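These notes concern the structure reproduced below.
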Amino acid sequence: MSLSPEDLVPAPVAETLAGLVPGPGDDGRPRPDAPLVAVTGVTGYVGGRLVPELLAAGYRVRAVARHPERLRGRAWYADVETVAADAADPEQIRAALDGVQVAYYLIHSLGSGRSFESTDRHTALVFGQAAREAGVGRIVYLGGLYPEGEDLSPHLASRTEVGEILLACGVPTTVLRAAVILGSGSASFEMMRYLTERLPAMTVPRWVDNRIQPIAIRDVLRYLVGSAAMPPEVSRGFDIGGPDVLTYREMMQRYADAAGLNRRLIVGVPVLTPKLSSLWVSLVTPVPGGLARPLVESLVHEVVCDEHDIARYVPDPPDGLIGFDRAVRLALQRIQDAAVTTRWSSAAVPGAPSDPLPSDPEWAGGSLFVDERRVTVDASPAALWRVLEAVGGDSGWYSWALAWRIRGLADRLVGGPGLRRGRRDPHQLLVDDAVDFWRVEAIEEGSLIRLRAEMRVPGLAWLELRVEPSDEAGGPDEAPTVFAQRALFHPKGLLGQVYWWSVYPFHGIVFGGMQRNIARAAETAERARTDRRVSVSGGS
């Protein structure tokens with residue numbers, strides 16, 4: 001199946017919702033009197049994609065996040081109102097929902113540890129009450145598809161409970177229940193993709209023969225946008241799914257066909273429990289165990305839509321819902337084109353440190369260990385910056401590769417993200433992007449990248465990469481340049497102190513090698529640019 005230009009650069013979902021959504025003004029922006037919608041979970045996979053679709057549909061958008069400054073790099077940042085609020089704080093979320101007609105609840109504690117059920121329950125209760133007190137006209141929640149009358153997995157049961165809490169809060173609520181979401185960067189898609197690509201033959205648990213009704217992310221977004229306009233008397237849940245009902249085994253085989261791979265040998269065995277399966281998934285795919293386990297547990301159930309009542313309020317698109325094969329090809333094309341706007345790793349790792357770098361060690365409450373290195377690079381600031389902005393992911397970390405791999409594996413074994421999380425884009429970084437087991441905390445274009453560690457360490461850790469002009473440079477675009485690199489660590493207790501001094505002897509190999517190799521890469525790129533310039537001028 002070939003993909004059309006319209007497939008690769010899709011029109012906003014609102015184009016097939018004419019008459020249901022307000023539509024933008026003549027300037028292509030939401031009108032001043034358009035309904036105001038609030039979106040929580042904007043740093044996540046679905047929330048980050050929903051915001052531009054709502055803007056294109058003509059809604060004014062208020063993005064609600066604990067740290068809205070981390071949204072600055074998003075293409076839509078200047079077009080939305082941002083509010084800082086913790087959804088579990090009644091006063092903060094009540095203020096964030098003031099004047100809002102529709103509130104999107106895209107929050108869940110997937111993979112966050114043992115207390116996730118009480119966390120989800122508390123946050124949903126707080127949000128529902130705040131929405132009622134603020135006079136919100138509708139709540140829209142994306143939950144999980146589940147079979148009636150079965151003992152559900154803990155995470156699926158929790159998401160079901162959240163939907164019930166919101167439906168009972170006194171505000172008209174739309175609960176959309178979806179199974180596997182197919183789209184570039186979704187955790188479910190990445191799990192299926194890596195299992196299929198990396199294992200030409202595999203033993204699998206019996207749940208691979210359970211039936212599933214997956215849905216393309218584009219159709220999920222269409223239902224989310226369309227749900228904002230439901231009549232006030234409608235308050236209920238809806239099953240949403242694509243046109244195909246498949247087993248997970250069939251999904252992997254059809255993925256292999258779409259990706260041009262040989263047919264996979266898949267042998268089912270009865271002894272693989274969800275826990276063992278999730279450990280296996282975390283070793284083979286980039287999805288860490290804490291996230292893999294709830295995904296695997298949800299696959300133990302058959303998840304097929306019992307109804308399609310959503311079509312009464314959000315009609316199917318003229319060309320129909322997106323089928324499995326087309327959804328896979330669209331996702332693979334976006335991955336190939338490096339056009340993945342959000343990924344499962346867009347949301348922070350549950351339990352990972354999120355404190356910003358302290359400007360004063362006393363503010364941090366104690367010691368701040370620093371390993372600082374500087375080197376002069378015979379390359380322009382622009383050449384060095386291009387190398388720094390591409391660090392991590394497929395580019396690696398420019399030093400002792402085995403040491404980085406061992407550290408990544410150790411991190412995964414204790415529940416961290418490890419190195420397989422990769423990057424959203426191979427060349428460009430945005431604030432809050434995940435880069436392997438780091439997260440981008442700050443960017444000053446052309447001069448600074450600050451990474452905050454999300455690996456499991458007994459403290460808080462950062463890595464700073466700076467580009468500074470050299471006193472010897474004749475201009476801002478001329479060589480040489482100073483590359484400044486800082487590793488910082490704020491230890492937590494005695495264990496943190498022991499950790500720092502135990503790894504410190506290796507800094508010269510790891511961070512010193514990293515600095516030298518990055519400098520060489522920048523100098524090589526600078527020479528190549530100079531050679532091209534000479535070649536062009538010589539041929540003119």
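Quick caveat: nothing in here was measured; it's all calculated off a predicted structure.
In terms of modelled atom types and a separation under 3.5 Å, the side chain of Gln485 and the main chain of Arg466 share no donor-acceptor contact. At least one donor-acceptor pair under 3.5 Å links the side chain of Gln515 to the backbone N or O of Arg373. Arg423 places no side-chain N or O within 3.5 Å of a backbone atom of Ser395 that could act as its donor or acceptor partner.
Val13 has its side chain out of reach of Tyr223: every pair of non-hydrogen atoms, C-beta onward, lies at least 4.5 Å apart. Under the 4.5 Å side-chain criterion, counting only non-hydrogen atoms from C-beta, Leu176 is not in contact with Val220. Annotation: side chain of Leu460 is not in contact with side chain of Phe489 (no heavy-atom distance under 4.5 Å). Annotation: side chain of Ile215 is not in contact with side chain of Val180 (no heavy-atom distance under 4.5 Å). Within the 4.5 Å cutoff, the side chain of Leu71 has no heavy atoms near those of the Asp432 side chain. Between Pro147 and Val303, some side-chain heavy-atom pair lies under the 4.5 Å cut-off. A 4.5 Å side-chain heavy-atom check between Tyr255 and Leu182 finds every atom pair outside the cut-off. Between Val140 and Tyr105 the shortest side-chain heavy-atom distance does not fall below 4.5 Å.
Atom CG of Leu221 and atom CD1 of Ile181 lie 8.5 Å apart (nearest 0.5 Å). Note: Leu54 CG to Trp76 CH2 = 10.5 Å, rounded to the nearest 0.5 Å. Distance check, rounded to the nearest 0.5 Å: CG of Asn210 to OG1 of Thr247 gives 8.5 Å. Ser186 contributes atom OG, which lies 8.0 Å from atom CZ of Arg49 (distance to the nearest 0.5 angstrom). Here the straight-line distance linking atom NE2 of His427 with atom CG of Asp425 works out to 7.0 Å at 0.5 Å rounding. With rounding to the nearest 0.5 Å, the separation of CZ in Arg486 from CD in Glu464 is 4.0 Å.
Closest approach of Val328 and Ala258 over heavy atoms only: CG1-CB, 3.7 Å. Ser399 and Ile509 get closest at one heavy-atom pair: CB-O, 4.3 Å. Contact between Ser158 and Glu117 at its shortest, heavy atoms only, is OG-CA, 4.0 Å. Nearest heavy atom pair, residue Val314 against residue Gly226, reads CG2-C, 3.7 Å. Pairing each heavy atom of Leu451 with each of Ile449, the nearest pair is CD2-CG2, 3.8 Å. Scanning all heavy atoms of the two residues, the minimum distance from Gly393 to Asp436 falls at N-OD2, 3.0 Å.
Residues passing the side-chain hydrogen bond (donor to acceptor under 3.5 Å, both in side chains) test with Thr174 are Arg138, sequence neighbours excluded. Considering only residues two or more places apart in sequence or on other chains, Ala522 meets the side chain to side chain contact (heavy atoms under 4.5 Å, CB included) condition with Val377, Ala379, Leu384, Val387. By the ring-ring contact (aromatic ring centres under 6.0 Å, His included) test, Trp385 pairs with no residue at all, sequence neighbours left out. By the salt bridge (charged side-chain N to carboxylate O under 4.0 Å, His left out) test, Arg264 is found to be paired with no residue, residues two or more places apart in sequence or in another chain being considered. Under the side-chain hydrogen bond (donor to acceptor under 3.5 Å, both in side chains) criterion, Asp219 pairs with no residue at all, not counting sequence neighbours. Applying the side chain to side chain contact (heavy atoms under 4.5 Å, CB included) rule to Val391 yields the partners Trp397, Tyr398, Leu465, Met514; only residues at least two apart in sequence or on another chain are considered. Take Glu307 and apply the side-chain hydrogen bond (donor to acceptor under 3.5 Å, both in side chains) test, not counting sequence neighbours, and it matches no residue. Looking at residues two or more places apart in sequence or on another chain, you find a salt bridge (charged side-chain N to carboxylate O under 4.0 Å, His left out) between Glu197 and Arg193. Qualifying side-chain hydrogen bond (donor to acceptor under 3.5 Å, both in side chains) partners for Thr16, counting only residues two or more places apart in sequence or in other chains: Arg222. Every residue was checked against the salt bridge (charged side-chain N to carboxylate O under 4.0 Å, His left out) condition with Glu523, not counting sequence neighbours, and none meets it. Considering only residues two or more places apart in sequence or on other chains, Glu161 meets the salt bridge (charged side-chain N to carboxylate O under 4.0 Å, His left out) condition with Arg121.
A side chain to side chain donor-acceptor pair (under 3.5 Å) with Asp433 holds for exactly one of Arg424, Gln428, Arg439; it is Arg424.
Checked against a 6.0 Å centroid threshold, the rings of Tyr141 and Tyr104 do not count as neighbours.
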Handout entry: Check against side chain to side chain contact (heavy atoms under 4.5 Å, CB included), Val431 and His67
Key = CA-CA 11 Å; Val431 170; His67 302 286; over 6 Å; no
Handout entry: Worked verdict on Ile212 versus Tyr248 for side chain to side chain contact (heavy atoms under 4.5 Å, CB included)
Key = CA-CA 7 Å; Ile212 303 166; Tyr248 205 83; 3.7 Å; yes
Exercise for the section: Take Leu145 and Cys305 through the test side chain to side chain contact (heavy atoms under 4.5 Å, CB included) and record every step on the way to the result. Expected result: CA-CA 8 Å; Leu145 188 61; Cys305 297; 4.2 Å; yes
Practice task
Show your reasoning for whether side chain to side chain contact (heavy atoms under 4.5 Å, CB included) applies to Asp239 and Tyr146.
Solution key: CA-CA 9 Å; Asp239 294 351; Tyr146 63 92; over 6 Å; no
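A salt bridge (charged side-chain N to carboxylate O under 4.0 Å, His left out) check over residues 243-257, counting only residues at least two apart or in different chains, returns the pairs Asp209-Arg249, Arg254-Asp325.
Atom CZ of Arg263 sits in a sparse spot, with 12 or fewer heavy atoms from other residues, nucleotides or ligands closer than 6.0 Å.
Using cut-offs of 30° and 60° on the angle between ring planes, the pair His507 and Phe511 is perpendicular.
There is no side-chain donor-acceptor pair under 3.5 Å between Trp438 and Glu454.
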